[in-house]
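Both counts, for ligands and for their atoms, begin at 1 and track the order of listing. Index from 1, following the sequence. Owing to the predicted nature of the structure, the values given are computational and were not obtained by experimental measurement.
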Amino acid sequence: MNSHDFTYLANVLRRRTGIVLSEKKTHMVETRLMPVVRRFGFRDLCSLLKELHYGHEALVQAVIESMTTNDSAFFRDRKTFEEFRDIVLPALKDARSETKQLHIWCAACAAGQEPYSIAMILDDAKLVDEGWTITLIATDINSQMIARAEDGVYSQFEVQRGLPIRRLVSNFQQEGTHWRISDYIRRMVTFRTFNLLDSYGWLPDCDVVFCRNVLMYFDLKTRASGRRLSLVQ
Ligand SMILES: C[S@@+](CC[C@H](N)C(=O)[O-])C[C@H]1O[C@@H](n2cnc3c(N)ncnc32)[C@H](O)[C@@H]1O
């Protein structure tokens, strides 16, 4: 990929998603684009990049999705979840005791490990048994990640990263070499494809927002800019 093509691609990505690509990552970018080349039947990367100029939405979306880094884990950075359980949730139980309603948003949920970790903590807290209504919304720009998250099936490697064995046994069923999250926990989360740079009009006012390990991919201007992102910092 020449420097001109790289700059064009980087500009499309930054404008559409906030994600910044460093030219040092050219090789990684090429590797990630190859499945898109094959999926759309292009001869080579050069033909894909030429076509990208026409802005066909399905192709642009596929290129964007190939550029996202979707690494995640159950209970990633355990302390965050302990603080949610021990400090945030008790405070909210007091503050919202009249309405008994909670709205929680997980803003860049990748394949669902983060919202399902939140759901397991909420399940432990037995709030629903006490008459609470909890809305747990999880979004990501990457529609393939959202489809995976909705499916709720994880490899042995994925469940070994951060998930205590007692939770694996009580909240998952084994399916061959994989593990499926229980229907009960899965139904606690509403998933939706959503770009953090788009309008937040559809989102209810949220009591808690988890927005982790995503803003670091954005340039400083996007991180700091406007009302849209100040909502989630
Ligand atoms: C490294 S993962 C973090 C997942 C999870 N929050 C965690 O901490 O484990 C970053 C996620 O941000 C998503 N993402 C990147 N840019 C986005 C944007 N503009 N809008 C919404 N999601 C975005 C990616 O698709 C990816 O799944």
* Is ligand 1 under 4.0 Å from a heavy atom in the side chain of Thr69, in the backbone, in both, or in neither? -> backbone
* **Check against salt bridge (charged side-chain N to carboxylate O under 4.0 Å, His left out), Asp71 and Arg161** => CA-CA 11 Å; Asp71 187 48; Arg161 289 181 70 196; 3.0 Å; yes
* Identify the closest protein heavy atom to atom 4 (C) of ligand 1: which residue and atom is it, and at what distance? -> Ala108 O, 3.3 Å
* To do: List the steps, then state whether side chain to side chain contact (heavy atoms under 4.5 Å, CB included) holds for Met120 with Ile185.
  => CA-CA 7 Å; Met120 286 185 257; Ile185 298 292; 4.1 Å; yes
* Asked: For ligand 1, which atoms sit closer than 4.0 Å to a heavy atom of Asn142?
  -> 25 (O)
* Test side chain to side chain contact (heavy atoms under 4.5 Å, CB included) on Ile19 and Phe218 and set out the steps. => CA-CA 4 Å; Ile19 297 172; Phe218 295 178; 4.0 Å; yes
* Asked: Which pair of heavy atoms, one from Arg186 and one from Ile181, lies closest together, and at what distance?
  -> CB-CG2, 3.8 Å
* So which bit of Leu197 gets within less than 4.0 Å of ligand 1, heavy atoms only: side chain, backbone, both or neither? -> neither
* Please confirm whether Asn70 comes within less than 3.5 Å of ligand 1 when only nitrogen or oxygen atoms on both sides are compared. => yes
* To do: Run the salt-bridge test on Arg78 and Glu82 with the 4.0 Å N-O cut-off and return the result as yes or no.
  => yes
* **Numbered atoms and elements of ligand 1 in range of Ile19, under 4.0 angstrom, heavy atoms** => 15 (C), 16 (N)
* Under a 4.0 Å heavy-atom limit, does Phe194 contact ligand 1 with its side chain, its backbone, both, or neither? -> backbone
* Structure fact -> for atom 7 (C) of ligand 1, nearest protein heavy atom and its distance come out as Arg76 NH1, 3.2 Å
* Close-contact set for ligand 1 against Ser72 heavy atoms, below 4.0 Å -> 4 (C), 5 (C), 7 (C), 9 (O)
* Asked: Considering only heavy atoms of Thr68, which atoms of ligand 1 have at least one such atom less than 4.0 Å away?
  -> 24 (C), 25 (O)
* Asked: By number and element, which atoms of ligand 1 are closer than 4.0 Å to a non-hydrogen atom of Arg212?
  -> 3 (C), 5 (C), 6 (N), 8 (O)
* salt_bridge(Glu57, Arg16) N-O dist < 4.0 Å -> yes
* Judged by atom type as modelled, is there a donor-acceptor pair below 3.5 Å linking the side chain of Glu30 to the main-chain atoms of Met1? -> yes
* Could you tell me whether Phe172 and Tyr116 have their ring centroids closer than 6.0 angstrom? => no
* Out of Asn213, Leu196, Asp140, who gets a non-hydrogen atom closest to atom 13 (C) of ligand 1? -> Asp140
* For Ala110, take its heavy atoms, then give the atoms of ligand 1 lying under 4.0 Å from any of them. => 4 (C), 27 (O)
* Asked: If you draw a 6.0 Å radius around CG in Asp183, do more than 12 non-hydrogen atoms from other residues or ligands fall strictly inside?
  -> yes
* Structure fact -> Any heavy atom of Ile141 under 4.0 Å from ligand 1? The part involved is both
